[in-house]
*Asks:* 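One structure coming up, written as structure tokens, with questions to follow.
Order of the sequence lines sets the chain letters (A, B, ...), proteins ahead of strands, with each chain counted from 1. Everything quoted here is computed from the prediction, not taken from an experiment.
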Amino acid sequence: MPELPEVEFFRHCLSQGRDNSPPILRENIREAELLWKGALAAPSPDEFLARVQGQTVERIGRRGKYLLIHLSEDTLVLHFRMSGEVVVEAQTEPVAKHCRLMLNFDDGIRLAFNNPRKFGRVWLVADPEALLAHLGPEPLSDAFTPERFYTTLQGCHRQMKYFLLDQKIIAGLGNIYVDEALYLSKIHPQTKSDTLSFEQAELLWKSIRQVLRDGIENQGTSFDWMYKGGNYQHFLKVYQRTGEPCAICGTPIKRITIAQRGTHYCPSCQTLSEK
DNA sequence: ACGAGCGCCTGTCGGC
DNA sequence: TGCCGACAGGCGCTCG
């Protein structure tokens, strides 16, 4: 499921190119094809198709789990939610089964937004800042400091799993990287945020940045058919390793449900002290 | 303020 | 072998 590292990899591919797929910078959009209308959050399909036509790709960005394709007039904002990827390919290629939107460029290539589960959404907006104003800080930016993080932790009395999944707190973390970061910092996922010491907060801050950087370095985490780009799944310590021995102490990894999500942790390394 | 529950989806997997 | 229900999960929403 595309979280920050996976989306960052998409950003890299679209702006730098990859293997047999060229970058799409300076490409001009001849026409767009909306294969599933539900993928479009705004504006209306008619307005979208008319407005996007003729615009040129100027820059590729990312904010949290959102991929930003800055065009000459507007910005195309993509969110994958549970599954999928963006692919640059020749217009002569067969259309992928789960393709929801295509941008056909002037020179024979296209950008395909493939999204098997139809949870992903696309926006075409003049002002992406306004659309994404609810997001918390970028975890890899200089603005995200241990001090600021600690202050935010102190301001809430929430289970750490909930806290870290909240995009208003930090932008870009999802289920995989939250479990991994909590494991690295030896914090139980049900620990209340305002009970952490500054030292624990600082260790968690480091761990969050560590797992995200490692994820990016490995081009993200591949999971079954949902996204098949990266290699980070080979380095996961707890996520989807229920019953396997903890790398540190050998205790079997436990799986519980928090926030309607599978949550994996080492019951020996990550203990719950106080509530 | 917090968190449970639900709906949106579809491929996969276990049970029969 | 094949059918079917359960499950997974990001996010916005309602509700207690």
*Asks:* Base, sugar-phosphate, or nothing: which does Gly38(A) touch, judged by heavy atoms less than 4.0 Å apart?
*Replies:* nothing

*Asks:* With sugar-phosphate meaning primed atoms plus P, OP1 and OP2, does Gln167(A) contact a base, only sugar-phosphate, or nothing at under 4.0 Å between heavy atoms?
*Replies:* sugar-phosphate

*Asks:* Between atom CG in Asp179(A) and atom C1' in dA8(C), what is the gap in whole Å?
*Replies:* 14 Å

*Asks:* Any side-chain donor paired with an acceptor under 3.5 Å for Tyr177(A) and Thr221(A)?
*Replies:* yes

*Asks:* Starting at CZ of Phe163(A) and ending at P of dG10(C), how long is that distance when rounded to a whole Å?
*Replies:* 18 Å

*Asks:* 5'-most contact on DNA chain B: Ala259(A) or Lys118(A), nearest heavy atom basis?
*Replies:* Ala259(A)

*Asks:* Quick one: are Asp179(A) and Lys161(A) in side-chain contact, heavy atoms under 4.5 Å?
*Replies:* yes

*Asks:* For residues Gln219(A) and Asn231(A), is any side-chain donor paired with an opposing acceptor at under 3.5 Å?
*Replies:* no

*Asks:* Determine whether Asn28(A) and Phe105(A) make a side-chain contact, defined as any pair of heavy atoms from C-beta on separated by less than 4.5 Å.
*Replies:* no

*Asks:* Can you tell me the distance, in whole Å, between the CD atom of Gln154(A) and the C1' atom of dA1(B)?
*Replies:* 16 Å

*Asks:* Quick check: do Leu204(A) and Ile187(A) have side-chain heavy atoms less than 4.5 Å from each other?
*Replies:* yes

*Asks:* Nearest to the side chain of Arg261(A) - dG11(B), dC11(C), dC8(B)?
*Replies:* dC11(C)

*Asks:* Please confirm whether the backbone N or O of Gln91(A) pairs with a side-chain atom of Arg110(A), one donor and one acceptor, at under 3.5 Å?
*Replies:* yes

*Asks:* How many whole angstroms separate atom CG of Asp166(A) from atom C1' of dC13(C)?
*Replies:* 14 Å

*Asks:* Whole angstrom is fine here: how far is it from CE in Met82(A) over to P in dT12(B)?
*Replies:* 13 Å

*Asks:* Could you work out which one of dG9(C), dG3(B), dT10(B) sits closest to the side chain of Lys192(A)?
*Replies:* dG3(B)

*Asks:* Are OP1 or OP2 of dT10(B) and a side-chain N or O of His98(A) less than 4.0 angstrom apart?
*Replies:* no

*Asks:* Does Gln260(A) make a side-chain donor-acceptor contact with the base of dG5(B), cut-off 3.5 Å?
*Replies:* yes

*Asks:* Between Ile170(A) (CD1) and dC11(C) (P), how many Å, whole number?
*Replies:* 13 Å

*Asks:* Checking only heavy atoms, does the side chain of Arg117(A) share a donor-acceptor pair with the base of dA8(C) at less than 3.5 Å?
*Replies:* yes

*Asks:* dT10(B) P sits how many Å from Asn114(A) CG, rounded?
*Replies:* 14 Å

*Asks:* Go through dG12(C), dG5(B), dG9(C) for me and flag the one nearest to the Arg81(A) side chain.
*Replies:* dG12(C)

*Asks:* Between atom CG in Asn175(A) and atom P in dC7(C), what is the gap in whole Å?
*Replies:* 17 Å

*Asks:* Taking only the side-chain nitrogens and oxygens of Lys168(A), find out if one of them lies under 4.0 Å from OP1 or OP2 of dC11(C).
*Replies:* no

*Asks:* For Lys65(A) and dC11(C), is the shortest distance between a side-chain N/O and OP1 or OP2 below 4.0 Å?
*Replies:* yes

*Asks:* Does a side-chain N or O from Arg158(A) land closer than 4.0 Å to OP1 or OP2 of dA1(B), or not?
*Replies:* no

*Asks:* Would you call Phe119(A) stacked on dG10(C), i.e. ring centres under 5.5 Å apart with the planes less than 30° off parallel?
*Replies:* yes

*Asks:* Is the distance from OP1 or OP2 of dG9(C) to the nearest side-chain N or O of Tyr239(A) less than 4.0 Å?
*Replies:* yes

